[in-house]
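Worksheet for the structure shown next.
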Amino acid sequence: MLSFQSKWRYLFMFLGIQLVVMALLSREGYQKRVNYFIRIFRKPEGAGSSARNHTAGGISGGDVYANLSHLSRVHSVGDEMPYCPVTSPYIGGPIHVSFPSGLTLAEVQRKNPLVVRGGRYRPPDCVARHRTAVIIPHRSREHHLKFLLYYLHPFLQRQQLNYGIYIIHQAGNYTFNRAKLMNVGFREAMREEDWDCLFFHDVDLIPEDDRNTYKCDSNPKHAAIAMDKFGYKLPYKMYFGGVSALTPLHYLRMNGFPNNYWGWGGEDDDIGVRVSLGGMYITRPSLKVGRYKMIKHKLDKGNDVNPKRFNMLAKTRQTWKMDGMNTAEYEIVSRQYQPLYTNITVNIGTEAGLHAPPPTPRPPAKVAGKPPAEPPAKVPAKAPAKAPAKAPADPAAKLKEDRREK
């Protein structure tokens, strides 16, 4: 049996617990704290399915199209439409990303009925607070593009953005130039609409959390801070690759992007240096939010590693004002308004320029063992020679000749 002292000890413990519970419940957020204590003793629903949806980083993800069924299929008409809320009610957090075989652009179009010609979208029931253009440098990556569009369209719709997607396609087979294509994308997108923010987006990166909002900050933003290929960590402090965002003012202050990085590598770091030289700094979301999954692929043909990149980076401080948006030359080959995006095919020239001069003809090859034939030397024409004047006859010689005849 329990002693008298033991009974009093348990009684005081019980009363103490009751006081703690009452103190917690009496503060603000009464309902939240009640739910908290209920969840302690109740097994969460769908625990098994949640565990199966965890990504490699240990974060669960849902269907990117899940919340869009609540959207109206018809745009409201009239001047009384309210502004969208500061935080969209459709944002759901982590997204489950996979790459199903057999996906087609027709299926992506069917799942996005509110996207109109040219890849444009605006919320049907409120006025968007932000207007964002997504610029995607591209060449021969159609397989990756359909996966990006499959995820990117609903991702942006859940954020209640007014947006447009631009594919900037490099014509020809010359070495790929990502940064110059982004200069083209900025200029052509701004010609169509006064965008608040421009996102420069690699075609092989899929966002994994819609809390990573595609709107600009007061300074240039690096959105792809945590890629799966880097173990969901930032590889180094000045890294600015993958997905980044600039306002038009940011772009002008840093003179856009370099035009001279032909091939893979270097331009991201050059852009990061330009941010600093323009008197700005890089902002980033948290590692939990700025997560991206890369579509695995080999190095593209025509996009070999740039062997000059390190030498060029060392000169960025001297060249950034002379190489950028103010020197970008290109020619528009075609502009096509597809159902899911605007495709702009562009000729950006080569390292020799937009219109390279024709190559000079080579001299004829030398034949082994024989010197090259030389053209005959030209002799200046001479005036016809005058007949020499006859010398006067010698009288002594003449006399001798006459004696012989006699």
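- Looking at T342 and E188, their side chains never come closer than 4.5 Å, going by heavy atoms from C-beta outward.
- Residues P285 and I225 are in side-chain contact: their nearest non-hydrogen atoms beyond the backbone lie under 4.5 Å apart.
- For the residue pair Y341 and Q336, no side-chain donor N or O sits within less than 3.5 Å of a side-chain acceptor on the partner.
- Between N259 and N183, some side-chain heavy-atom pair lies under the 4.5 Å cut-off.
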Run the side-chain donor-acceptor check on residues 98-110: report pairs under 3.5 Å with partners two or more places apart or on a different chain.
unit_1: T104; atom_1: OG1; unit_2: E107; atom_2: N; d: 3.2

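- Listed by chain and number, the residues in a ring pair (Phe, Tyr, Trp, His ring centres under 6.0 Å) with Y261 amount to none (sequence neighbours excluded).
- At least one side-chain heavy atom of Y65 sits less than 4.5 Å from a side-chain heavy atom of K111.
- Side-chain polar atoms of N343 and Y337 form no donor-acceptor pair below 3.5 angstrom.
- Contact check on E192 versus R187 returns no salt bridge, with no Lys/Arg side-chain nitrogen under 4.0 Å from an Asp/Glu carboxylate oxygen.
- A search for ring pair (Phe, Tyr, Trp, His ring centres under 6.0 Å) contacts involving Y239 returns H222, F230, Y236, not counting sequence neighbours.
- Checked against ring pair (Phe, Tyr, Trp, His ring centres under 6.0 Å), F155 has the following partners two or more places apart in sequence or in another chain: Y214.
- Applying the disulfide bond (SG atoms under 2.5 Å apart) rule to pairs touching residues 200-291 yields C197-C216, sequence neighbours excluded.
- No more than 12 heavy-atom neighbours from other residues, nucleotides or ligands sit within 6.0 angstrom of NZ on K315.
- Side-chain contact, H144 with R141: a donor N or O sits under 3.5 Å from an acceptor N or O.
- Classification of the H153-Y163 ring pair by plane angle, with boundaries at 30° and 60°, yields tilted.
- Closest approach of L205 and A224 over heavy atoms only: CD1-CB, 4.5 Å.
- Surrounding CZ of R317 are at most 12 heavy atoms belonging to other residues, nucleotides or ligands under 6.0 Å away.
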Legend entry - Working for salt bridge (Lys or Arg N to Asp or Glu O under 4.0 Å), residues D202 and R178: CA-CA 9 Å; D202 282 359; R178 173 177 174 267; 2.9 Å; yes

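- Defined by atom type and a distance below 3.5 Å, a donor-acceptor pair is missing between the side-chain atoms of T132 and D196.
- The CG atom of N260 lies 8.0 Å from the CG atom of N177; values are rounded to the nearest 0.5 Å.
- In terms of heavy atoms, T345 sits closest to A171 at CG2-CB, 3.9 Å.
- Between H250 and the choices S218, S244, P220, the side-chain contact (heavy atoms from CB on, under 4.5 Å) rule is met once, by P220.
- Using a 4.5 Å heavy-atom cutoff, the side chains of D210 and Q159 are in contact.
- With contacts defined as side-chain heavy-atom distances shorter than 4.5 Å, the pair S276/V273 does not qualify.
- Here OG1 of T87 is found 9.5 Å from CZ of R129. Values are rounded to the nearest 0.5 Å.
- With contacts defined as side-chain heavy-atom distances shorter than 4.5 Å, the pair I165/Y121 does not qualify.
- Put simply, CD1 on I167 and CD1 on I344 are 9.5 Å apart, with the number rounded to the nearest 0.5 Å.
- Nearest heavy-atom pair, G279 versus R253, reported as atom, atom and distance to 0.1 Å: O-NH2, 3.7 Å.
- In this structure, the side-chain contact (heavy atoms from CB on, under 4.5 Å) partners of P85, at least two apart in sequence or on a different chain, are P89, Q160.
- R211 contributes atom CZ, which lies 10.0 Å from atom CD1 of I95 (distance to the nearest 0.5 angstrom).
- A donor-acceptor contact closer than 3.5 angstrom links the side chains of T283 and D217.
- Atom CZ of F147 sits about 11.0 Å away from atom CG of L145, to the nearest 0.5 Å.
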Inset, instruction - Just do the salt bridge (Lys or Arg N to Asp or Glu O under 4.0 Å) check on K308 and E351 with the steps written out, would you? - result: CA-CA 12 Å; K308 305 176 184 177; E351 292 181 77; 3.4 Å; yes

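- In this structure, a donor-acceptor pair under 3.5 Å is present between the side chains of N255 and N326.
- Counting only N and O atoms by type, the side chains of N112 and Q157 include a donor and acceptor under 3.5 Å apart.
- Remark: of the listed residues Y166, F199, F257, Y251, Y251 is the sole one forming a ring pair (Phe, Tyr, Trp, His ring centres under 6.0 Å) with F186.
- Counting heavy atoms from C-beta outward, F200 and L246 have side chains that approach closer than 4.5 Å.
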Inset, instruction - Begin from the C-alpha positions of K180 and E329 and carry the test salt bridge (Lys or Arg N to Asp or Glu O under 4.0 Å) through to its verdict. - result: CA-CA 9 Å; K180 190 170 185 179; E329 294 182 325; over 6 Å; no

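- Across Q170 and T175, no two heavy atoms sit closer than the pair NE2-O, 3.1 Å.
- Across every non-hydrogen atom of L152 and P207, the tightest pair is CD1-CG, 4.5 Å.
- The two residues D228 and K293 make their nearest non-hydrogen contact at OD2-CG, 3.5 Å.
- Taken to the nearest 0.5 Å, the CE atom of M254 stands 11.5 Å off from the CE atom of M325.
- Both the sub-6.0 Å distance and the 45° axial angle are not jointly satisfied by R158 relative to the ring of Y90.
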